[in-house]
Asker: 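For reference, the structure I am asking about is given below.
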There are 2 protein chains.
Amino acid sequence: MAARGRPRGFDRETALARAMEVFWERGFDNASLGELTHAMGINSPSLYAAFGSKEALFQEAMAFYVKTAGSGIWEPVDSLATARDAIAHVLDATARAFTCRDPSRGCMIVLASPQPRGSNPSISRELERHRRGNRDYLETRLRRAVDEGELPEGTNCHAIATFYATVQHGMSIQARDGASREELLGVADCAMSAWDSLTRPD
Amino acid sequence: MAARGRPRGFDRETALARAMEVFWERGFDNASLGELTHAMGINSPSLYAAFGSKEALFQEAMAFYVKTAGSGIWEPVDSLATARDAIAHVLDATARAFTCRDPSRGCMIVLASPQPRGSNPSISRELERHRRGNRDYLETRLRRAVDEGELPEGTNCHAIATFYATVQHGMSIQARDGASREELLGVADCAMSAWDSLTRPD
DNA sequence: TCATTTATGTATTGATCAATACAAAAATAA
DNA sequence: TTATTTTTGTATTGATCAATACATAAATGA
């Protein structure tokens with residue numbers, strides 16, 4: 001199946017990666033088409049031909065972000081032996097991922113469009129859906145730990161998952177405010193120091 | 001000193017309070033002048049005559065927010081007897097304040113302009129400065145507790161203050177994502193359950 | 001009364017934005 | 001070669017935005 005017509009003059013995935021960087025640094029609204037096309041090295045008709053719209057481009061950039069920056073954080077959650085190891089890993093990897101650019105950027109999922117009734121509610125809802133998914137993922141991992149006997153019956157998995165998700169979200173703001181990697185790792189340590197009392201039987 | 005000229009036809013502070021609500025719900029960029037003037041019940045020339053510019057209006061709205069919504073959270077920090085009580089109060093009051101509107105809004109200082117290199121960097125910097133001030137305020141309170149003997153010498157006040165500030169920031173995202181007051185109070189409880197191990201002598 | 005001062009309502013300005021129209025370019029298929 | 005298909009670059013569109021021009025209204029001071 002050879003391509004008909006004139007071949008595309010740029011690499012789609014490279015352009016997508018550059019768009020992701022712009023959205024990550026500037027958020028959805030503040031990333032103008034001029035900035036995006038400049039970073040991607042193309043003109044706007046090429047952008048629209050390849051991606052459809054600014055919103056569709058963002059959706060793809062978000063998926064790309066999850067696949068690249070996010071996978072190192074969340075993928076090991078199921079494979080690590082204990083829920084404690086899993087959550088400690090999430091916080092540790094978060095501290096590293098949120099400070100992997102200079103200046104630090106925090107999490108694109110948390111910061112790219114924080115106004116649910118802003119200019120593009122569907123994007124805010126999609127990001128919210130994703131954050132909720134991460135929280136639920138932690139809760140599911142905790143429930144499994146209860147089933148496996150790592151944690152006692154009666155453990156409040158919902159509250160613990162919500163707590164650690166909250167810490168993870170807060171680290172995005174700290175990163176944007178210039179917190180160093182060491183400070184964020186310190187936050188992760190502090191959060192993990194609650195583990196024993198959170199999972200102690202009543 | 002009677003006022004010359006035609007008297008202002010609206011109450012300046014009432015209008016400011018309404019502007020604050022709009023900025024709080026929509027953020028700086030997404031709050032259009034049309035929305036602002038509609039909520040304030042005035043036309044744009046009156047807005048500019050009374051407040052100067054959209055940015056100046058936001059600065060005043062931010063100060064108003066700190067004075068009203070924020071004071072109940074931060075004011076008791078110095079007067080409460082112990083650092084533990086102070087921090088527990090901050091988290092508890094935060095959970096309540098962030099869910100005092102329906103739908104929940106979280107914190108205007110955290111959410112109104114989260115892109116440091118967005119459309120208005122000076123506003124982002126001002127908000128960041130304020131967040132940093134809150135964090136420093138917690139650290140100062142912890143150092144006082146060390147001086148007074150509540151906490152042992154060698155307590156890592158910087159790390160503990162950063163941790164609790166991070167939790168507080170994360171609660172804004174949770175509130176925006178629809179977390180209930182009870183869930184946020186649960187987050188506050190989880191965070192406080194780390195207290196003993198965080199403040200235990202080495 | 002009349003000049004001065006300040007506020008208000010209507011209408012508009014220039015800038016910026018996302019998205020597109022259009023014709024030329026570059027490939028394949030017949 | 002010629003017709004067809006798709007991409008590219010230039011230029012533009014209509015919408016929306018923050019901010020303002022201007023004439024009128026409503027107060028005080030002389």
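Numbered from 1 within each chain, the chains take letters A, B, ... in sequence-line order.
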Asker: Looking at the base of C:dT16, is there any donor atom on it, or on the side chain of A:S32, that sits under 3.5 Å from an acceptor on the other one?
Answerer: no
Asker: Relative to the ring of B:W195, is the ring of B:Y164 parallel (under 30°), tilted (30 to 60°) or perpendicular (over 60°)?
Answerer: tilted
Asker: Are B:R176 and A:Q115 close enough that a side-chain donor and a side-chain acceptor fall under 3.5 Å?
Answerer: yes
Asker: Quick test of your reading of the model: are B:R129 and B:E126 salt-bridged, counting only N-O distances below 4.0 Å?
Answerer: yes
Asker: Could you tell me the separation between the CG atom of A:N120 and the C1' atom of D:dT16, rounded to a whole number of Å?
Answerer: 15 Å
Asker: For residues 61-72 of chain A, dump all side-chain donor-acceptor pairs below 3.5 Å to protein atoms at least two apart in sequence or in another chain.
Answerer:
{"unit_1": "A:Y65", "atom_1": "OH", "unit_2": "A:M108", "atom_2": "N", "d": "3.3"}
{"unit_1": "A:T68", "atom_1": "OG1", "unit_2": "A:F64", "atom_2": "O", "d": "2.8"}
{"unit_1": "A:T68", "atom_1": "OG1", "unit_2": "A:Y65", "atom_2": "O", "d": "3.4"}
{"unit_1": "A:S71", "atom_1": "OG", "unit_2": "A:K67", "atom_2": "O", "d": "3.1"}
{"unit_1": "A:S71", "atom_1": "OG", "unit_2": "A:T68", "atom_2": "O", "d": "3.3"}

Asker: Can you tell me the distance, in whole Å, between the CG atom of B:D29 and the C1' atom of C:dC17?
Answerer: 13 Å
Asker: Just by distance, no angles: are the side chains of A:S104 and A:D102 close enough, under 3.5 Å, to form a donor-acceptor pair?
Answerer: no
Asker: Just how far, in rounded Å, is C1' of C:dT16 from CD of A:E35?
Answerer: 12 Å
Asker: Which protein N or O atoms sit under 3.5 Å from an N or O of nucleotides 4-8 of chain D?
Answerer:
{"unit_1": "D:dT6", "atom_1": "O2", "unit_2": "A:R6", "atom_2": "N", "d": "3.2"}
{"unit_1": "D:dT7", "atom_1": "O4'", "unit_2": "A:R6", "atom_2": "O", "d": "3.3"}
{"unit_1": "D:dT7", "atom_1": "O2", "unit_2": "A:R6", "atom_2": "NH1", "d": "3.2"}
{"unit_1": "D:dT8", "atom_1": "OP1", "unit_2": "A:G9", "atom_2": "N", "d": "2.4"}
{"unit_1": "D:dT8", "atom_1": "OP2", "unit_2": "A:S46", "atom_2": "OG", "d": "3.0"}

Asker: In whole angstrom, what separates B:L36's CG from D:dT16's C1'?
Answerer: 15 Å
Asker: A:S44 or B:Y48: which one's nearest nucleotide on DNA chain D is closer to the 5' end?
Answerer: A:S44
Asker: Take A:G41 and B:L33, find for each the nucleotide of DNA chain D with the closest heavy atom, and name the residue whose nucleotide sits nearer the 5' end.
Answerer: A:G41
Asker: In whole angstroms, how far is the C1' atom of D:dT20 from the NZ atom of B:K54?
Answerer: 17 Å
Asker: Run the side chain to side chain donor-acceptor pair (under 3.5 Å) test against A:E75 and tell me which residues pass, sequence neighbours left out.
Answerer: none
Asker: Could you check how far CG of B:L47 sits from P of D:dT20, rounded to whole Å?
Answerer: 12 Å
